[in-house]
Structures are given as structure tokens and as C-alpha cells.
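The chains referred to below are lettered A, B, ... by the order of the sequence lines, with proteins before strands, and numbering in each begins at 1.
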Number of protein chains: 2
Amino acid sequence: MTLTRDAGAGPNEPESDAEISNPLEFHVGYQLRRASAAILSRLASLLSDLKLTISEASVLVLVDDHPGITQSALGRALGIHRANMAPLAAILTERGLIERSQPGSRSIGLKTTKLGREQAMRARQCMEANEDALLPALAPDQRAALIDLLKQIWQV
Amino acid sequence: MTLTRDAGAGPNEPESDAEISNPLEFHVGYQLRRASAAILSRLASLLSDLKLTISEASVLVLVDDHPGITQSALGRALGIHRANMAPLAAILTERGLIERSQPGSRSIGLKTTKLGREQAMRARQCMEANEDALLPALAPDQRAALIDLLKQIWQV
DNA sequence: TATTGTTATACTCTATAACTATA
DNA sequence: TATAGTTATAGAGTATAACAATA
């Protein structure tokens, strides 16, 4: 790979094909997109052994923690729209991981099956493994500081 | 909205429909997903006035900074696959925002048109406005610290 | 009436595979 | 041969609108 000295040619000369200065790197938005993509793609890869997507695993774990929870409450907690919760709940039900507490009622409480509880445990292990994989990049106190900063961005 | 006192019922009682404790909130991966989604959705909304998606705007701005850059180099800088750069470049070309430096060659240098330079400037303003919107949530030194932490996560 | 669940639909982003053309 | 560009395709995630059932 050919390397020019610092950040490549200046902004007004034709580019040689080398590393390139990227002014977007100084934006929180850009860094969030790249970091989020990296960490989520690794988690997706870990969860693929369980045949679960990240959304499916998140729903499964939260239902397991809160037996009787409704789809709407799940959606509010996870930031997933009502309309997108329906097929998500349907898939987990089809696979025998969750079931409906009161089959007759309209507002449906969800809970995990025995198989679902086992899978939820394995999903939690994947999520913890994904967090642990951050340790080479982030010391524990940095990790805590990062969580605090991120919370401030999206929470009201 | 009905509020129970702290984090709702314990993990083994049926849920009342209230706020819910979410153990995922202690995960960097989860916080990254929520923060990234929030900030990117706001940016998408700002850019929609220019009829640009976030990917389109990122490519446009980078081409404007690096006239003569190839699609592959763009993709490497932005983390976008070669296969997905093709339609992206095609759209920007159709709209008269970028053009090909050497129409005969195979490795195609891209540069912005006059219209493209104007739009790139407006896109940069949207990105800056999006960054400024973070100020209520993050003090300037927190913002710098956050960028440093995020870089460590996805960069080698 | 407000909330819940559902269906249909569309858009954005990402990923792989297979192919052609070029250096 | 390695790189660049293209096309087709598929899978995730997210968004809105419209509807029926329920509290």
C-alpha cells in the first residue's frame, strides 16, 4: 500500500490513491455511526449462532426479565415501533421462545417458554462477551464514562 | 401516564403497564445503538430539505474535499462497500452534483460540479447544526472526550 | 376516545456473489 | 493477478398509514 506522508494531498489537488483526510472524523455523529456499526456487527455475528438478530435477542431478554409485558411497553423500552414489534413477536412465538399469557385478551402479556429462557440466557452471554471485547479498546472507567455520555445524548 | 415509584415491578411478577427496568441500558452496545439512532435521525431530517440522505451527503462532502478521488477510496474512508458506492455515485451524478474527471478511464476520479459545491456547503452546515444541537446534552470538553472514546472502539 | 395489535408498504443501509474492465 | 466498477439480490432496521379490537 502506498503511503503519502501525513494526510495525503491537499484539498485542491487531484487525489493520489492513498489514505485520505476525512473532516467528518471530527463529528460526534460520524464517530457514533462508525462505532455503533462496528460493535453491532460483532454482536450480530455472535448472536447468529443462536439464529437471533439483535432486535430479536433484545426483545427476548426483556420479555424474560418482565414476564407479562405487552408489545407496546416493549417497544417503548427499546425504541421499536409498534408496527415493527408485531412481526418480531410473531417470529419469537413461532420458534417457541415466547408465548402469550392470556390468549383471549387483546392487550397481550408475553412471557418466555422454557426454551425461551434458555435462549435468553445464551443471548445475555453473547451480549456480555461483546461488552468484554471492548476491554482492549476501553479501560473499565472509560467504559463507564462512555455510557454516561451516550445516555445524555438520547435520553430526555 | 401512570408512574410506579422506581423501576416498576420486580422481574418475576406480571408487569403493570408502566416504566420498565431495562438491564440493556448498562451495555455500551445498547447505548451506542440508541444514541446513534437519535443523532442520525435528526441529521436525516435536516438533510431531507436538500433531498440528500446521510450517505449521499457524506460522499458529496468528501468528494468536494478531495477532487479526483475514486469510488473505492471513498468507500474505504467512509466504510461503505464498493458495491454500494456504485448506485450512490450514480444518483449524485444524475442530479448533477458530481461528475467523472476522466470519462474514458476505468478507475474514475470524481469531482463536484458547481451545483455540487453549493450543495456540499449546505450539507456541511446541516452537519454542523446537528453537532451544535448536542451542546445542551454535552459540554464542549465532554464532546471531545466522547469523540476520543468512540474512535478507540472502531479504529484499529 | 385512546390504546393496542396488525397488515401493507416503502426507504435506507448493509452484505455477498458474479461479472467485466483495467493496471 | 490484483484492483475497480457494476449489477442483482437479500436481509435488517425503521417509518407511515390505515384498520379492527379493546379498555
query: Should B/Ile98 and B/Met121 be counted in the same cluster of Ile, Leu, Val, Met, Phe, Trp and Tyr side chains packed under 4.5 Å apart?
result: no

Side chains of residues 125-146 of chain B: which donor-acceptor pairs under 3.5 Å do they make with residues two or more places apart or in other chains?
from	atom 1	to	atom 2	distance (Å)
B/Glu128	OE2	A/His27	NE2	2.9
B/Asn130	OD1	B/Arg42	NE	2.9
B/Asn130	ND2	B/Ile39	O	3.4
B/Glu131	OE1	A/Val28	N	2.9
B/Glu131	OE1	B/Arg143	NE	3.2
B/Glu131	OE1	B/Arg143	NH2	2.9
B/Glu131	OE2	A/Val28	N	3.0
B/Glu131	OE2	A/Gly29	N	3.0
B/Gln142	OE1	B/Ala139	N	3.0
B/Arg143	NH2	A/Phe26	O	3.2

- prompt: Counting only non-hydrogen atoms, which of residues 83-96 of chain A are less than 4.0 Å from DNA chain C?
  reply: A/Ala83, A/Ala86

- prompt: Under a 4.0 Å heavy-atom cut-off, which of residues 33-45 of chain A touch DNA chain D?
  reply: none

task: In whole angstrom, give the distance that lies between atom CD1 of A/Ile98 and atom P of C/dG5.
output: 11 Å

Tell me which donor-acceptor pairs under 3.5 Å the side chains of residues 45-62 of chain B have, and how far apart each pair is, sequence neighbours excluded?
from	atom 1	to	atom 2	distance (Å)
B/Ser48	OG	B/Ser45	O	2.7
B/Thr53	OG1	B/Glu56	N	3.2
B/Glu56	OE1	B/Thr53	N	2.9
B/Ser58	OG	B/Ile54	O	2.7

query: Can you name the salt bridge (Lys or Arg N to Asp or Glu O under 4.0 Å) partners of A/Glu118, sequence neighbours left out?
result: A/Lys114

message: Working note: A/Arg82 + A/Gln71, criterion side-chain contact (heavy atoms from CB on, under 4.5 Å); need CA distance, chi angles, decisive distance, verdict.
response: CA-CA 7 Å; A/Arg82 218 165 69 243; A/Gln71 290 184 194; over 6 Å; no

- prompt: When the distance from NZ of B/Lys51 to P of C/dT12 is rounded to whole Å, what number comes out?
  reply: 11 Å

message: Quick check: do B/Thr112 and B/Pro67 have side-chain heavy atoms less than 4.5 Å from each other?
response: no

message: Is A/Thr53 close enough to D/dG11 that one of its side-chain N or O atoms is under 4.0 Å from OP1 or OP2 there?
response: no

field: Toward the 5' end of DNA chain D, by each residue's nearest nucleotide, A/Ile54 or A/Arg82
entry: A/Ile54

- prompt: Expressed in angstrom and rounded to an integer, what is the separation of A/Ile80 atom CD1 from C/dT4 atom P?
  reply: 16 Å

- prompt: Counting only side-chain N and O atoms of B/Gln71, is one of them less than 4.0 Å from OP1 or OP2 of D/dT6?
  reply: yes

- prompt: Can you tell me how far the OG atom of B/Ser36 sits from the CG atom of A/Leu40, to the nearest 0.5 Å?
  reply: 8.0 Å

Interatomic distance, B/Leu47 CG vs C/dT12 P [rounded to whole Å]: 12 Å

field: Interatomic distance where CD belongs to A/Glu56 and C1' belongs to D/dG13 [whole Å]
entry: 12 Å

message: Please enumerate all residues that pass side-chain hydrogen bond (donor to acceptor under 3.5 Å, both in side chains) together with A/Arg122, with sequence neighbours excluded.
response: A/Gln119

- request: Look at the side-chain N and O atoms of B/His81 and state whether any lies under 4.0 Å from the OP1 or OP2 oxygen of C/dT14.
  value: no

Atom pair distance, as rounded to whole Å: CG in A/Leu110 and P in C/dT4: 13 Å

Whole angstrom value for the distance that separates C1' of D/dG5 from CZ of B/Arg76: 13 Å

task: Please determine, for the side chain of B/Arg100, which listed nucleotide (C/dT4, D/dG5, C/dT6) has the closest atom?
output: D/dG5

query: Of the nucleotides D/dT14, C/dC13, D/dA15, which has the atom closest to the B/Ser55 side chain?
result: C/dC13

- prompt: At what distance, to the nearest 0.5 angstrom, does CG of B/Leu97 lie from CD1 of B/Ile91?
  reply: 10.5 Å

